[in-house]
There are 2 protein chains.
Amino acid sequence: MEERITVGLVEDQFLFRKGMKAILSSWQDLKVVFESEDGYSVLGKLKEVEEVPQVMLVDLSLPPDGTKEFTGKEVTQTLRENFPDMKIIILSVHKDEDFIAQLIECGAHGYLVKDCDPGEVYEAITSAFHRGSYINARTLKAIQNNINKKTSPRATLFSLEQLTKREEEVLQLICMQLTTEEIAERLFISPKTVNGHRNSLLQKTGANNVAGLVIYAVKNGVIKVM
Amino acid sequence: MEERITVGLVEDQFLFRKGMKAILSSWQDLKVVFESEDGYSVLGKLKEVEEVPQVMLVDLSLPPDGTKEFTGKEVTQTLRENFPDMKIIILSVHKDEDFIAQLIECGAHGYLVKDCDPGEVYEAITSAFHRGSYINARTLKAIQNNINKKTSPRATLFSLEQLTKREEEVLQLICMQLTTEEIAERLFISPKTVNGHRNSLLQKTGANNVAGLVIYAVKNGVIKVM
DNA sequence: TTAAAAACAGGTATTTATACCTGTTTTTGT
DNA sequence: ACAAAAACAGGTATAAATACCTGTTTTTAA
C-alpha cells in the first residue's frame, strides 16, 4: 500500500473541524495529522510537530475574539514561506470572485466553497498532492475575471488597498454608531481628520456609504458581530 | 438493545451537515434519519417521510440565496406547531443572549453554539429526548437575563418589537447601500414612506443610524453577509 | 364588522455624511 | 538621511439621513 496523504486542518469552529475530520477519515488514503483552530498558532504548532502535513485545509472564518485577526491571506502567505512544499487548499463561505482570485494569488493551491460535497474535498486534496493544484470551474472563472480586471484601467483606481491602523480604528467607531464628531473627540483629533479617514475608507473599500462600510467591516473581520 | 434516538438535521452548509452526520454516527444510540438544507423544505420533506425524527438539530445560518429567508424562529415555531412531540435543538454561531432567549421562547428545547464539542451535541440530543430539554449554563443565563429585562421598566420602551415585512425589506435595501430615494424607486412608493419605515426601524431596533441598522440586520439574520 | 396595525404620503428643520479640494507634520522603512 | 506613507487639518458644497409632525388608505386579525 502506498503512503497515505497527510492532511492538516485549520478551522476555528470546533464542531466543523471535527466533522471534517470525520469525513476525511472515510478515505483510506488520507490521514489527518494536524489540527489548529486559528491562524496564529499554526506556525508554532507546525514547528513542534514531527509530521508536517502535505496538504493543509484552511478555513477563512475568523477567530471570533481576535484582537488582531489573522486573515486567510496572511495564513496562506506565511505557510507558503515556511513550508514551500505544502499544498494549501482554502475552504471558505465566500463566493466572491475577487476574494477567490486574491487567495490563489497569495499562493493557495485550491479553493473550495463550504457547500461543496465531501467528494470534492477529497478530490481537491488528492489533486493538490499529486498534480500540485486543484482549480475547479468556479475558481478558474474567478482568476480569469480578475486578470481581466487588472488589465482594465479601472482596476488601478479601485484596487483594494489595505486599511491603515487609524482607518481601521475609525471604521470600528463608525460601526459603533459614533458620528464623525464623536469619533474626533474619542481619538483627540480634528473632525476634519476623521473625515479624511472616512473618505479613504469609502474609497479603499469601494463602499458608497456607512452601510457599505459596516458590511465590509463584518466581512473582513474588522469588527466581530457575534 | 433499546431503540435508537432518531435525529434530523437542518443545516444549509452541505459540508457541515455531512460532518455533523459523521460525528453523530459515532454514537450507537443515535440514528440520523432526516436531512434538510433549509427551512422551506423541512415541513414538506417531513410529511413525505415515514420516520419523523424525534430530535431535530436546526442550524440558523440562512440559505445563501434565499429570496425570502426562513429564520430560525420561524422554523422552530412551524415545527412546534406541526410536530408537538419533536424536540428541537438550535445550533448557531450567535452568542447574543437576547437571541438565545428568543429562540427558547419560541419553543426550542435546547441551544448550542457552534464551537461546542461533539460530546455536548450528543448530551443535548439525549437530554432533550429523555428529559425534554437541554439547557446549559449559557442558555440559562440568557433566559434569566431576558426575564429581568422584561420585568424592568425600560423593557417596555425599548422592547424589541418584531419588524414588519416592509420594514425588513427596507432594511435589506439600506444594507445594500441604497439611498432613501433609490429604495423608494425600487419599491414603487414615495420616499416619504421609506422615510417612515427608516424611522420605525431606528426606533424598533434602538439604532442611532445606518451603522446600527446594519449591525442589527447582521445579528438578526435579516441579511446574509457571507 | 370593527378596531388595530401596517403601509402609505406629506410637511419642516436640523444634523450628518459625502465629495471634492488644499496643504503640513509625523511616522515608517530602507 | 531620504523618500514614501500615514496621520493630521483646513476649506467649500451638496446629498443624505435623522427627528419631529400630520394625516389617509389598506390589510390583518379578533
Side-chain angles (χ1 to χ4, degrees), chain A residues 68 74 77 81 154 156-217 222-223, chain B residues 68 71 74 77-78 81 156-217 220 222-223:
Chain A
K68 203 69 191 173
E74 289 173 301
Q77 286 168 334
E81 286 165 15
R154 266 201 303 176
T156 40
L157 292 170
F158 272 160
S159 67
L160 304 176
E161 304 172 55
Q162 243 191 330
L163 303 187
T164 66
K165 281 185 188 177
R166 206 52 157 173
E167 284 164 355
E168 217 172 286
E169 211 169 347
V170 170
L171 178 52
Q172 284 170 344
L173 295 172
I174 288 173
C175 292
M176 287 166 66
Q177 310 188 45
L178 302 197
T179 66
T180 298
E181 293 213 25
E182 290 168 333
I183 295 171
E185 279 179 38
R186 184 78 76 96
L187 300 179
F188 305 108
I189 56 180
S190 158
K192 292 293 181 180
T193 306
V194 177
N195 211 317
H197 291 312
R198 266 194 115 97
N199 288 330
S200 308
L201 282 167
L202 290 170
Q203 212 199 344
K204 285 188 180 179
T205 62
N208 299 324
N209 53 35
V210 271
L213 288 180
V214 175
I215 299 285
Y216 174 92
V222 176
I223 57 161
Chain B
K68 204 72 189 171
T71 70
E74 288 172 303
Q77 285 167 335
T78 310
E81 287 166 16
T156 40
L157 291 170
F158 271 160
S159 68
L160 305 175
E161 304 174 55
Q162 245 192 329
L163 302 186
T164 67
K165 283 185 187 177
R166 206 51 157 174
E167 284 163 355
E168 217 172 287
E169 212 169 346
V170 170
L171 178 52
Q172 285 171 342
L173 295 172
I174 288 173
C175 292
M176 286 167 66
Q177 310 189 46
L178 302 197
T179 66
T180 298
E181 293 212 26
E182 290 169 333
I183 295 171
E185 280 179 39
R186 183 79 74 96
L187 299 179
F188 305 108
I189 56 179
S190 157
K192 293 294 180 179
T193 306
V194 177
N195 211 315
H197 291 312
R198 266 195 114 97
N199 288 330
S200 308
L201 282 167
L202 289 170
Q203 211 198 341
K204 284 188 180 180
T205 62
N208 300 323
N209 53 36
V210 271
L213 288 180
V214 175
I215 299 285
Y216 174 91
N220 291 274
V222 177
I223 58 161

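A note on names: the letters A, B, ... follow the listed sequences, proteins ahead of strands, and every chain is numbered from 1.
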Chemist: Could you please name the option among D/dA7, C/dA9, C/dT18 that lies closest to any side-chain atom of A/Arg166?
Modeler: D/dA7
Chemist: Got a donor-acceptor contact below 3.5 angstrom from the B/Asn209 side chain to the B/Ala211 backbone?
Modeler: yes
Chemist: Taking CG from A/Asn199 and C1' from D/dA6, how many angstroms apart are they, rounded to a whole number?
Modeler: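 It works out to 15 Å between those atoms.
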Chemist: Extract from the structure each pairing of a protein N or O with an N or O of nucleotides 10-17 of chain C at less than 3.5 Å, listing the distance.
Modeler:
from   : atom 1 : to       : atom 2 : distance (Å)
C/dG10 : OP2    : B/Ser190 : OG     : 3.0
C/dG11 : N7     : B/Lys192 : NZ     : 3.3
C/dA17 : OP2    : A/Thr180 : N      : 2.9
C/dA17 : OP2    : A/Thr180 : OG1    : 2.9

Chemist: Between B/Ile183 (CD1) and D/dT18 (P), how many Å, whole number?
Modeler: 10 Å
Chemist: Atom CD1 of B/Ile174 and atom C1' of D/dT18: how far apart are they, to the nearest Å?
Modeler: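 So the two atoms are 12 Å apart, to the nearest Å.
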Chemist: Take B/Thr193 and B/Leu187 through the side-chain contact (heavy atoms from CB on, under 4.5 Å) test and state the conclusion after the steps.
Modeler: CA-CA 10 Å; B/Thr193 306; B/Leu187 299 179; over 6 Å; no
Chemist: Round to the nearest Å and state the distance from B/Leu213 atom CG to D/dA16 atom P.
Modeler: 18 Å
Chemist: Would one find a side-chain N or O of B/His197 under 4.0 angstrom from OP1 or OP2 of C/dA6?
Modeler: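 It does not, given that no N or O in the side chain of B/His197 lies less than 4.0 Å from OP1 or OP2 of C/dA6.
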Chemist: Distance check needed: D/dA6 C1' versus A/Gln203 CD, whole Å only.
Modeler: 15 Å
Chemist: Please report the interatomic distance NZ(A/Lys192) to OG1(A/Thr180), rounded to the nearest 0.5 Å.
Modeler: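 Rounded to the nearest 0.5 Å, the NZ-OG1 separation comes to 10.0 Å.
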Chemist: After noting the C-alpha distance and the side-chain angles of A/Arg166 and A/Ile189, does the key distance pass the side-chain contact (heavy atoms from CB on, under 4.5 Å) rule?
Modeler: CA-CA 11 Å; A/Arg166 206 52 157 173; A/Ile189 56 180; 3.6 Å; yes
